[in-house]
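All chains are named by letter (A, B, ...) in the order of the sequence lines, taking the proteins before the strands, and each is independently numbered beginning at 1. These numbers were taken from a predicted model, which means no experiment stands behind them.
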Amino acid sequence: MAAKVAKQSRSAGVPGRKGAPEQEGEELPLQAVLVADSFNRRFFPVTKDQPRALLPLGNVAMIDYTLEFLTSTGVQETFVFCCWMASKIKDHLLKSKWCRPTSPNTVHIITSDLYRSLGDVLRDVDAKSLLRSDFVLVYGDVVSNIDVSQALQEHRHRRKMEKNISVMTMIFKESSPGHRSRCEEDDIIVATDSRSQQILHYQKTQGLKKLQFPMNIFHSGSNEFEIRHDLLDCHISICSPQVAELFTDNFDYQTRNDFVRGILVNEEILGNQIHMHVTKDGYGARVSNLLMYDAVSSDLVRRWVYPLTPEANFTDQEGRGCTYSRHNVYRGPGVTLGHGSQMEENVLIGSGTSIGANCCISNSVIGNNCTIGDKVILDHAYIWNDVHISSNVTISQTVVCDRAEVKEGVTLNKQCVLAFNVVIGPNVSLPGGTVISMHHPEEEEEDDDEFLSDDAEVGQTKDKKGKQKMFNPAEVGAEGKGYVWKASSLDDTEDEELTQCLWGLVLNPDPESDSEDSEPEGPDDPVIPSPEMDDVKVVQMEVLGTLQRGLEENISCDNLVLEINSLKYAYNVTLKEVMQILTRVVLEYPFQQQGSLITASQYVALLVPLLKIWSPVFKNYVKRAQDQLDCLSAFEEHFLEQENHWAAMVKVKALTMVFFFLLHQVLKEMYDLEILEEEMILRWFSLEPSTNQSRKLRKNQGLQKLIQWFEEAEESSEEDEE
Amino acid sequence: MPGPYRETDLTEKVEAFLSDLKRGGSGTGPLRGSAETARETTALLRRITAQVRWSSAGDLMEVIRKEGRRMSAAQPSETTVGNMIRRVLKIIREEYARSRGSSEEADQQESLHKLLTSGGLSEENFRQYFTALKANVIEAINELLTELEGTTDNIAMQALEHIHSNEVIMTIGRSRTVEAFLKDAARKRKFHVIVAECAPFCQGHEMATSLSKDGIETTVITDAAIFAVMSRVNKVIIGTQTVLANGGLRAVNGTHTLALAAKHHSTPLIVCAPMFKLSPQFPNEEDTFHKFVSPHEVLPFTEGEILSKVNVHCPVFDYVPPELITLFISNIGGHAPSYIYRLMSELYHPEDHEL
């Protein structure tokens with residue numbers, strides 16, 4: 001701690017001495033904020049044992065690539081923020097060349113268990129006031145060789161010219177759709193002012209079939225616009241110190257996306273702008289899921305990230321240099337290769353690894369000190385350190401983590417993951433997409449919030465003793481150790497999503513999961529409406545949820561009204577639509593609760609108390625004469641719909657009669673509660689019926705009796721008045 | 001504590017140099033010619049000699065070898081670094097020998113008798129302490145530095161002997177030495193230069209711009225047109241990255257094509273190579289010979305789908321066998337390729353070939 005303080009004071013002393021140049025805003029050392037945490041669980045269960053920033057990519061921890069990128073681009077001071085398994089990251093960094101006194105880039109490590117998002121980190125940056133000038137913001141899993149100095153110059157120039165209006169410059173890389181290193185979920189569409197490079201609109205396309213652009217972006221500024229879909233977000237941004245302040249001011253900003261959206265939406269109010277810089281010849285990508293891991297690894301082996309190549313040994317570790325030969329084959333020191341084994345192309349083999357006879361290896365990365373048996377076929381395999389693979393194994397597009405063991409005759413199909421210490425085999429074949437881990441899926445909830453690695457280890461040993469016999473031989477083989485991660489205690493749909501997430505595949509973007517995605521972002525989110533559902537349906541679902549909660553938690557009707565009103569504004573639906581939705585929801589409520597096979601009398605019995613409870617809500621919306629008519633027509637529509645539905649299902653004509661009766665019951669109920677005035681009911685009745693069905697409805701006896709009764713009552717009241 | 005402070009200062013310098021070398025040649029780091037690299041290496045070695053504590057020549061050689069191994073490993077394709085380290089080691093050997101009073105000639109001679117009698121002994125001999133050694137070594141390194149400063153000019157001075165009026169000269173890519181050579185000749189003579197563009201990096205374009213600014217009649221052709229145009233050419237003058245021990249070249253991509261075309265048309269091929277590019281390396285050392293950079297120049301990243309289906313390579317160097325070369329012009333005069341081995345043994349001590 002003392003050392004850190006001393007270092008900071010030393011670095012702070014430099015501009016202090018110069019004083020005057022600081023005023024001019026020149027020649028301050030370039031700083032960077034490196035967030036060594038992803039704040040999500042995309043790499044679970046792999047990241048249960050090793051933080052993402054330390055996962056090896058081409059046998060080098062990902063954070064080393066990020067630090068090398070920062071150093072080579074001229075950053076002189078880096079703040080590394082760690083949260084999940086902070087101690088491991090810290091150990092790694094202290095051992096690395098970045099913390100040597102001769103390093104041109106001073107690295108400060110700041111750890112806290114309290115960071116839950118990027119927002120928390122930047123708020124802490126602001127609170128500690130670590131930054132003095134523009135800084136580079138990156139994640140710990142970005143691999144890049146982009147020279148940001150040009151972007152930095154543009155950024156500084158803009159800030160000088162326009163008095164600090166531009167707060168951030170995002171760096172993009174040109175790459176056309178269909179490129180390997182573009183994954184579905186990071187696809188973005190960006191609208192920019194082509195002259196000033198100002199970003200006007202930024203949106204993730206993620207499975208959207210319809211894109212919406214706010215019109216106002218086309219009215220402001222110059223008259224040249226670009227809408228681009230050929231950009232890859234490198235997740236590198238040059239930020240001014242204001243960014244940290246903005247995060248503090250807006251405590252609900254969690255991610256950079258929140259921030260970007262917030263700035264773009266409030267541009268007119270706050271006057272802040274975001275610009276972009278498109279690089280043509282650099283490489284930059286973020287390893288956000290295993291698909292990207294695969295893509296970035298192969299780009300690395302194919303030398304796209306030159307000079308960050310495997311043989312360059314830029315981390316300066318002893319005995320890690322390797323030799324490079326044709327067809328992109330890299331061999332570390334002490335690699336032995338058996339008779340007849342072939343390394344076809346794009347292969348990286350770490351030091352001390354031995355490979356048996358007649359193997360065939362292509363497009364793979366193998367870590368240090370692994371042993372591989374005879375007749376092994378590896379294609380797109382990512383094998384980390386100290387892995388044992390026996391003979392006659394076939395592995396394709398699979399990640400095998402440290403110290404895992406694959407026994408004889410095992411076949412691993414595409415997109416499998418073997419987490420740390422797992423044993424598989426012999427003679428099993430894992431279906432594609434299987435994730436095996438030493439962590440039992442059920443323990444997930446137990447140590448959910450335990451962030452100390454010690455605890456996880458205790459759990460693991462306990463696990464080994466207590467549950468060893470519970471390994472399922474059908475899944476992992478007779479001598480296997482490990483659990484299939486998929487069969488978790490969480491409900492199935494969510495878990496399927498989890499494995500999807502690991503490899504980053506969007507299998508079928510069904511509307512439900514889409515609405516789930518947009519829900520946590522709050523209802524005040526007009527940017528991502530799901531494509532398949534129109535607003536009315538969304539509102540209907542929301543209203544249903546609201547009313548349900550109201551019943552369960554006994555929320556007062558005033559508050560329900562407030563919530564429904566906010567929905568109305570959020571989705572921009574008319575009052576009429578709100579009312580129709582409301583009536584529909586209420587009338588369908590008994591079906592929702594009890595299923596669709598209930599008799600009419602049961603239905604009425606259920607509906608009546610509900611109507612009584614929610615009558616204040618209705619009263620709030622049904623005020624004017626027109627409202628009442630709308631309400632009634634909604635009723636009618638609903639009952640006619642229901643009738644059709646039932647008739648089709650049961651094909652009993654008699655049921656229609658039941659419904660006519662039902663309608664009359666419900667109408668009477670509403671009348672009793674004084675929501676509808678009798679005059680309006682009469683007027684509705686006298687309206688010209690539009691369809692055959694509704695004409696039939698009006699001829700219903702029960703209804704006519706009711707109407708009759710109304711008419712009489714009116715007459716009598718008129719008489720009374722007289 | 002001035003001592004340790006100065007040493008960390010020194011290691012900082014070494015580390016900075018190493019990381020510069022590692023990033024070199026990609027556009028991300030400072031891009032430099034090999035002359036500059038040679039000067040920087042020598043200056044750094046002078047610093048090490050001056051600042052590191054050493055008591056005998058053996059110690060100093062050990063230190064320089066250790067640092068040298070790291071430097072040459074940092075960017076194996078940049079052979080000038082290794083060459084300068086060997087030169088400095090040779091200087092130390094010579095200065096030590098002179099301090100002891102034995103004649104330099106005796107050391108230089110390689111005879112069967114000497115091979116039998118010496119061996120392990122030679123290392124032992126460097127343990128003696130001489131007060132003046134440090135100053136002498138630094139003085140000699142300074143001389144080496146001045147020699148390096150003058151190399152390009154020395155080569156350019158010989159231009160008029162080789163280029164005559166109304167000749168057509170062909171060159172490829174951009175070499176600072178060749179550029180200076182042609183410009184020097186252009187002050188007195190009028191001739192035509194054809195520059196092959198040297199795809200995919202196209203340094204030939206820069207070369208042509210620079211030459212035409214100095215009033216030389218210049219034509220740029222594609223690499224594919226080399227053979228077609230060769231029949232009109234009187235002389236081919238090229239630069240190189242390294243001159244190998246067998247007299248062959250490791251030069252920029254496309255040079256081999258050019259050399260073969262020149263051979264076919266019996267056009268003389270002249271290589272302008274300063275002495276510091278002479279390397280005791282042989283072309284069969286495959287690991288360090290090649291340099292593959294990002295395939296971006298060959299097939300841009302923006303191409304999209306095709307990139308996931310094909311492998312793209314972008315090698316930087318070509319090997320040119322010595323048979324195809326007519327003449328080397330170095331800062332000490334012209335030599336035939338077959339004479340290179342002799343120059344090599346004068347420049348470097350045989351024990352230093354392996355660092």
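Top candidate by heavy-atom pairs under 4.5 Å with chain B, chosen from A:Arg100, A:Glu174, A:His327, is A:Glu174. Counting heavy-atom pairs closer than 4.5 Å to chain B, the top-ranked of the candidates A:Leu308, A:Asn328, A:Leu232 is A:Asn328.
For A:Glu311, no part lies near chain B; criterion is any non-hydrogen pair under 4.5 Å. For A:Lys97, no part lies under 4.5 angstrom from a heavy atom of chain B.
Residues of residues 310-317 of chain B lying within less than 4.5 angstrom of chain A, judged on heavy atoms, are B:Val310, B:Asn311, B:His313 in numerical order. Applying a 4.5 Å heavy-atom cutoff, the residues of residues 297-305 of chain A that approach chain B are A:Asp299, A:Arg302, A:Arg303, A:Trp304.
Separation of atoms OG1 (A:Thr309) and CZ (B:Phe292) is listed at 12.0 Å; rounding is to 0.5 Å.
In B:Ile306, the CD1 atom is not crowded: 12 or fewer heavy atoms of neighbouring residues, nucleotides or ligands sit closer than 6.0 Å.
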